[in-house]
Amino acid sequence: MAWKTGLCLGICLAAGALAPPTFAAEWFVSPTGSDAPGSGSLAQPFKTLGYLLAPDRGVLTAGDTITLRGPSGNNVYPETELRLRLPLTLQSYPGEWAVIQCPLNLENGVCIQIDPEASGSRISRLEVTGGNLYGIFMQTEWDSGNNRGGRGASNIVIEDCKIHDTGRDAIKITPKSDDITIRRCEIYNTGRIYPAGTPLDEKNAEGIDNVNGSRMRVEDCFIHDIATNGLYFKGGAADVIVERNRIERTGEGGIMVGYDTSPEYFDTAVNPQYYESIRGTVRNNVIRDTGYAGIGLYAARDALVANNTLVHTATSGHAAIYFGVTLQDFDPIAGRPPTVNPLIRNNLVIQNGGDCVRVRWANEITEAGLYSLQGNPGTDYNWFHNESGACNFADNRPGSPLADGGSFAQWQSAEAADVHSQTGSVSVTADGHLPAGSPAIDQGQTLTQVTDDIDRQPRSGAYDIGADEAGGGGLPGRFTVWEFHNSIIQHYFIAASEAEAAGIDQGAAGPGWSRTGQSFLAYPLNSEVAGLSPVCRFYGTPGIGPNSHFYTANAGECEWLKTNPGLLYEGLAFRIATPSGASCANGGAPVYRLYNGRWRENDSNHRYTTDAALYTAMQAQGWTGEGVVFCAAI
């Protein structure tokens, strides 16, 4: 811990004044700590975040790190409203998991507010739950009438977090809160303030609600069980990228490129036409089980929607791909433009009754009506399939022969669109991957704007349609081995396949499991890459062995463990390179193995990580380091 000049954190130093540091400090907080006379050191942590963040304490300076201890069974921080006023890093202690819990019943309360002066902050490896309005809120000083030079909280990173059970939105981004990155997060259970039975049109509880925040990136997240929309970016948000996310079970839409915004939130100096979204990119996402549009475009200019997989979307209305009308509060000054120049390519649509594509026209304001789309829909090289019959395609614009919907052939003819697209039976796995021999393989268009797939595997040649590039586009096929933690038994586990990981997300392994954000790449069992070893997987024999899994790529160890009556051999999990000593000749990241040492309690558990700092930190907590056991795929 670094002391600051004039600081007397509950205990006054009798010694002479210490020179002020020239580097950022790290402050520690623990449920077992003390706000008085806590010093904020690892040995004497504070007890509450609210105490440390209070501006009248004068403790923090820009660039400081706040590390929250999250020991097993004592990792919850009951807080009211936390406010970041300086650029800070807020994180869990390595190997631990801290939970910030805020009340739902504090009217207009938010759990974490980030002020514009806190631009540059980072929130990492934390669980945030509650908040009457929002879980995490980016505040703004910008005002279209009185402060056009103002800014919002910008250059914020939210990574490896869980944000859930919020009153309304999980994450709220306000105008001019630019360059927000949200990655590897799980976001779920929004709209908790609404009583059971509240009509959908009376709810407002998105996973991510972005109003005029440009250059937002949302990547590698799992967004599910959302009261209204999975996420949207609107109000003139420019150059937003949404990629490699899984979005499931939303009351309204999945991803909305633009939406419907009150005119005062637009910056008409740069967007005089009131476009809701400008140059938005949505690629390599898997979206399933939405009430309304899988992907909606509202007053979107120059949008790219490419290589997404949409499964069973628009069950209550709209369409899998939907062009919507924006009303902008019916305000006479608003522009309400149609979507223009969209590029919609390589998307895989699998419906179960809902429309496949729909273009809306509305006459709520004038007899001339409002158009959701100007010109051609820009759709091609897509694949459409309806498990309940033929796909329906509709264009409600005046003069269209598809006002009441029509067939795929009629859509192609009327719109001069989807010339290379196809229809027919197609399926995906539970996690959105293409099965072997899928007709969607190599049927897409090569795009410079899309270089990888949902697993970060490179694409090349003729692209596959949808979020998955089967086989990795000519490079050796790889998949992500995801780590999970169980908050009940305090065990770690790595999933041997994407399908297994998706099943755990949905509760197949029982309660308490959640992703830690840690992962590494491995090769499937059918990989022909030279120099790989198969990885054996074992599980404790029920009633005899531990409730835990163990993995080894050592052939001798595998055969020996098969003779252990306390372990069940579950087969081969995947293939991977092995180290020479502690080094990885294949250039992949070393995968370390840790052991909790609880064999006497029949509670053995191992953890696998590529994070060297985490490996060291967990040994300091009593885990035994077993060295490098795998070399991750590259």
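Basis for what follows: all heavy atoms, side chains included, without hydrogens, waters or symmetry-related copies.
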Would you say the side chain of Asp239 lies within less than 4.5 Å of the side chain of Ile278, judging by non-hydrogen atoms? no

Please tell me if the side chains of Thr228 and Thr250 come closer than 4.5 Å, counting only heavy atoms from C-beta onward. no

Ring of Tyr275, cation from Arg301 - is the NZ or CZ under 6.0 Å from the centre and inside 45° of the axis? yes

Please list all pairs meeting ring-ring contact (aromatic ring centres under 6.0 Å, His included) that have one or both residues in residues 243-263, counting only residues at least two apart or in different chains. Tyr232-Tyr259, Tyr259-Tyr298

Salt-bridge criterion met for Arg515 and Asp505 (N-O under 4.0 Å): yes

Would a 4.5 Å heavy-atom cut-off, applied to side chains only, mark Leu310 and Leu348 as touching? no

Taking the side chain as C-beta and beyond, is there a heavy-atom pair between Thr379 and Trp411 under 4.5 Å? yes

On the ring face of Phe222, is Arg246 found with NZ or CZ under 6.0 Å from the centre and within 45° of the axis? yes

Using a 4.5 Å cut-off on heavy atoms from C-beta on, say whether the side chain of Asn308 contacts that of Asn284. no

Of Val286, Asp453, Asp455, the residue whose pairing with His433 passes side chain to side chain contact (heavy atoms under 4.5 Å, CB included): Asp455

Taking it one step at a time, do Thr313 and Gln351 satisfy side chain to side chain donor-acceptor pair (under 3.5 Å)? CA-CA 6 Å; Thr313 61; Gln351 292 290 80; 3.0 Å; yes

Is there less than 2.5 Å between the SG of Cys102 and that of Cys111? yes

May I have the step-by-step check of ring-ring contact (aromatic ring centres under 6.0 Å, His included) for Phe384 and Phe393, ending in yes or no? CA-CA 10 Å; Phe384 302 102; Phe393 298 81; 5.1 Å; yes

State whether the number of non-hydrogen atoms from other residues, nucleotides or ligands found under 6.0 Å of Asp404 atom CG is greater than 12. no

Where at least one partner belongs to residues 180-211, residue pairs that pass ring-ring contact (aromatic ring centres under 6.0 Å, His included), sequence neighbours excluded: His164-Tyr188, Tyr188-His224

Between Trp142 and Asn147, is the side chain to side chain donor-acceptor pair (under 3.5 Å) condition met? List the steps. CA-CA 5 Å; Trp142 182 86; Asn147 190 13; over 6 Å; no

Salt-bridge test for Asp115 and Arg83: reply yes if a basic N is under 4.0 Å from a carboxylate O, no otherwise. yes

Salt bridge check: are Arg184 and Asp160 linked by an N-O gap of less than 4.0 Å? yes

Taking side chain as C-beta onward, heavy atoms only, is Cys161 less than 4.5 Å from Ile123? yes

Is Arg244 paired with Asp452 through a side-chain N to carboxylate O contact shorter than 4.0 Å? yes

